[in-house]
Asks: 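Okay, handing you the structure first.
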There are 2 protein chains.
Amino acid sequence: MSFGDKQYQAIRMHGIGDVLREHRRSRPNMLAVVDGNTRLSWPELDLRVNRLSNLLLSAGLTEGSRILWLGQNSFRLFEALLAAAKIGAMVCPVNWRMSSDEIAAVIDDFTPHITLWQNTDIGEALLEAKNKASYQGRWIQHDGDDENSYEALLQAAAETDPDIAIHADAPLVAMYTAAFDGKPNAALLSQSALLYQSLMIAYGYSISDQSANLNSGPLFHLGTMLATWATFSFGGKNLFVARVNAEEMLQLIERERVSHAFVAQPTVEQMREINKDGKYDVSSIWSDPSAPEWSSPLVMPASSPFGQQPRVYGQTEIMGFATFGFLGGDGAGRVSPLAQVRIIDDEGRDKAPGETGEIAVRGVQVMSGYYNRDEENQRRGASGWHRTRDLGKRLEDGSVAFVGPKTTMIKSGVENIYPAEIEACIRQHPAIQDVCVIGVPDPKWQQNVKAIVVFKAGNSASADELIEHCRSRMASYKKPKVVDVVDSLPRKPDGQLDRDSADQLFGGGGYPRT
Amino acid sequence: MSFGDKQYQAIRMHGIGDVLREHRRSRPNMLAVVDGNTRLSWPELDLRVNRLSNLLLSAGLTEGSRILWLGQNSFRLFEALLAAAKIGAMVCPVNWRMSSDEIAAVIDDFTPHITLWQNTDIGEALLEAKNKASYQGRWIQHDGDDENSYEALLQAAAETDPDIAIHADAPLVAMYTAAFDGKPNAALLSQSALLYQSLMIAYGYSISDQSANLNSGPLFHLGTMLATWATFSFGGKNLFVARVNAEEMLQLIERERVSHAFVAQPTVEQMREINKDGKYDVSSIWSDPSAPEWSSPLVMPASSPFGQQPRVYGQTEIMGFATFGFLGGDGAGRVSPLAQVRIIDDEGRDKAPGETGEIAVRGVQVMSGYYNRDEENQRRGASGWHRTRDLGKRLEDGSVAFVGPKTTMIKSGVENIYPAEIEACIRQHPAIQDVCVIGVPDPKWQQNVKAIVVFKAGNSASADELIEHCRSRMASYKKPKVVDVVDSLPRKPDGQLDRDSADQLFGGGGYPRT
């Protein structure tokens, strides 16, 4: 009986549906959800979730069944997630800004038993996608008002709790990401990964049942969802807005005493402009509304102006973050008690501290695999660790530093060379303002390393000096063979290097398929 | 594939041994353990744990094997727990103050493969117990210095990590408790229960890797161990003292900047007396050393003077606490996101809010069952929920209030009557200072209810008035038939009612076996 009494094994099962059940008992008078005019207490939310669970069961869904959400942010997406939790199904919230071709590809890949779709604003593109897809399944309009709409079907369903025993390791969220070869893969995140990561997020960002979390970032990004689940787990209030509107968000912050939010930089600037006379009371989230930098207790995107630069390392496949600055250390902070991290080479051997290698992760927060991607799962997980395809290193204090994506790889002879690593080295040279490293085709070696550099004003260095700078700091085969000097490098709107443009401009090509 | 990719299921396994492995990587220069002159960094601790793991493996221990700790507090108990975690075994720390007969009974019940025992102070009584026990197993002296001692065997063992995949649901701690019929039962607590409860304790009591936790309470009580595991999980420093010594503890607080501790009231008073001139700097744990009430961030025993009255409900069988005052609500606070709580009657039906019933718990923190107690496990877990044998109720705000133990039960006709519930009712009468309810034998009804009351100075009430007070507030069969008035009630040293003495003094008896 190495796991103890069999009956007690069942008693120990605890998933997202169970957390909701307890909130209904523990918080009979507290608000769970606000979305426009919809305000649901925990018992009201649980009743609606029961109705939806029964609707899904009667539609034939069962453990492992799939639901696609084709809509903007809505409390109904949250209901769908909670109902899926109660029956062991999973929900994939899709980026509704994608083209109809892309959405059709997702439909055919995920083959959802039920698709919950939205007509307002985006209905036309979605129906176009539906026509393009080979697979259909059942479509239910979440914002309709006829007898086949979400609300009508919900009201017709029983309100009793389905009360099915669901293993907490059942995947609940499917999130498309990791389009390494142009085709995205759906990472499956389990109920236990969601719940335990919520405890870490609540610990680090002071989330409690007094929190009011504004879901203003897109819920098809895990960054937004981390705070949603943490607020849910601790019995706080989740507010939903369909899409970003600075004035509406300011009104909500004042009215609902919002304490946590996910807001991108341009929206913050709009909000500051609208509120420059202090028209709205934003003190629940920004203690000093007139401060030059608004800062929030929840810090998410790297470009976020809230608080300090967020020091975290993570990706969707590991349920967000595996390291946190609030756990101490430099770099991206130290590793969470929920995870293990190793820095490994291609053969799975440990790199020494200070050396760059691939970040590999183990632990309860790691995904349950990509949906229907046996080969990719095998490639990524064969070592017994999840290979992130990100490069990092251990600093002296034991914390983890992110170096860059591994996915752009140069092949020179038998060696794998990662531009991010070489760029990090060149950036240490005092004359360097900016740098991009590319691979250029070579008949003998497959590729050679080329560095394109921008000097700081009034600075310069010879190609030989820069090459020697690299040679003395890393394995010789990694050093650039050629150095080009330019005034500026191509960058994407989000500030990331535009490597495709750099290849076109400076002769890159011949990359291996990773 | 309802749990996702099989390979990824293995990647998601994460237990206490894995947390230690990551600390070795993440905190190469930080202290894990201090015990007398022993100071171990995380890598040093992990190396010793590896040696002990290999020693245990070579002694034939495997998943589910049992280790008994017969010693006072020591870093070696902590090492034993961590080594057991790495090989899937479990460790039972026994109350060394028990009689040799009691310890012999534990040995024969737990039948440990290995017993780690201590000679200093308590060796004689332990060897007496060893002689009295029918079962033997292998005994290793943890504080010896010959070639068969713990340290000698450890140094001879390999230092490589055994690297065995251990399911996090494997029980790790066995804790004797719940001596309902005079015979204690060993509650088995899993690695995942320990880890996830640690996240809640760290959240509520601000534990981080900057914490220094003084293990001054006995480690055979879960109350002490909660902070040990939370400090461990977040990479903080655990300090061990063999037993309580006020002066030594003050020295440690100053030297090690202790932030958390488990200290009983009499010891606090000794410490205040010794430190009345501020000889020791205790500011790391008590911000104002001259304050009339020292308060600590960690509040454990009900009699603790630290901070507010701790508002929690729990028991060893549910890994400590299922409700916390810091989660809001009155009473014992609201239920943790790791648990569900119901208030049920003997048939397992829900009691209405406000009504008293048995507290039943489900969730990942619940024990894996009592060791080798199939019948008791069946009795307690048959409803699919763990019956705590404690009485409680839901308050209007959804929080849980503890009413009293259910284990003292009076049987009147077919009715089960719980003294704690009736005492709570009588205590609401304005004239009452103290009360004890007992069952007295009755030839027809098996037992009758008798109340023994102490009036507040200058107050009184008739027996009829008190009986009517009960009758109007609860089912009539629960009301006392007889009321005795006394000056004081027998109490145990810890302040609890001494029900055995009350039965002897006031004619109690004839209780049903529960």
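Keep in mind the model is a prediction, meaning the values are calculated, not measured. Letters A, B, ... are given to chains in the order of the sequence lines, protein chains preceding strands, and every chain is numbered from 1.
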Asks: For A:M30, which atoms come within 4.5 Å of any heavy atom of chain B: side chain, backbone, both, or neither?
Replies: side chain
Asks: Where on A:A339 is there a heavy atom nearer than 4.5 Å to chain B: the side chain, the backbone, both, or neither?
Replies: backbone
Asks: Select, from A:V364, A:L327, A:L195, the one with the greatest count of heavy-atom pairs under 4.5 Å involving chain B.
Replies: A:V364
Asks: Considering only heavy atoms, give the residues of residues 328-338 of chain B separated from chain A by less than 4.5 Å, sorted numerically, with 'none' for an empty result.
Replies: B:R334, B:V335, B:P337, B:L338
Asks: Quick one: closest heavy-atom pair of A:Y196 and B:L199, and the distance?
Replies: O-CD2, 4.0 Å
Asks: Quick one: what part of B:A10 sits under 4.5 Å from any heavy atom of chain A, side chain, backbone, both or neither?
Replies: backbone
Asks: At under 4.5 Å between heavy atoms, what parts of residues 392-399 of chain B are in contact with chain A? List them by residue number.
Replies: B:R394, B:E396, B:D397, B:G398, B:S399
Asks: Search all heavy atoms of A:P171 against all heavy atoms of B:G4 and return the closest pair with its distance.
Replies: CG-N, 4.1 Å
Asks: A:V366, A:V400, A:N29: which one forms the most heavy-atom pairs within less than 4.5 Å of chain B?
Replies: A:V366
Asks: With rounding to the nearest 0.5 angstrom, report the CG to NZ distance, A:N377 to B:K6.
Replies: 14.0 Å
Asks: Can you tell which part of A:D18 gets under 4.5 Å to a heavy atom of chain B, answering side chain, backbone, both or neither?
Replies: both
Asks: Does any non-hydrogen side-chain atom of B:Y203 lie less than 4.5 Å from one of A:S208?
Replies: yes
Asks: Would you give the length of the straight line joining atom NE2 of A:H386 to atom CG of B:D5, rounded to the nearest 0.5 angstrom?
Replies: 12.0 Å
Asks: Between A:V361 and chain B, with a heavy-atom cut-off of 4.5 Å, which part of the residue counts as in contact: side chain, backbone, both or neither?
Replies: backbone
Asks: What are the two closest non-hydrogen atoms of A:M367 and B:Y8, and how far apart are they?
Replies: O-CD2, 3.4 Å
Asks: Using modelled atom types and a 3.5 Å cut-off, is there a donor and acceptor pairing between side-chain atoms of A:R25 and backbone atoms of B:R342?
Replies: no
Asks: Measure the shortest side-chain to side-chain distance between B:H14 and A:Q340 over non-hydrogen atoms and say whether it is less than 4.5 angstrom.
Replies: yes
Asks: Hydrogens and angles aside, do B:Q7 and A:R380 bring a side-chain donor and acceptor to less than 3.5 Å of each other?
Replies: no
Asks: Select one option (side chain, backbone, both, neither) describing which atoms of B:A168 are under 4.5 Å from chain A's heavy atoms.
Replies: neither
Asks: Which heavy-atom pair separates A:I11 from B:W385 by the least distance, and what is that distance?
Replies: CD1-C, 3.6 Å
Asks: Based on non-hydrogen pairs under 4.5 Å, which of B:S65, B:S383, B:S190, B:G363 is most in contact with chain A?
Replies: B:G363
Asks: Can you tell whether the side chains of A:D169 and B:R12 come within less than 4.0 Å, N to carboxylate O?
Replies: yes
Asks: Relative to chain A, which segment of B:D209 carries a heavy atom at a distance below 4.5 Å: side chain, backbone, both, or neither?
Replies: side chain
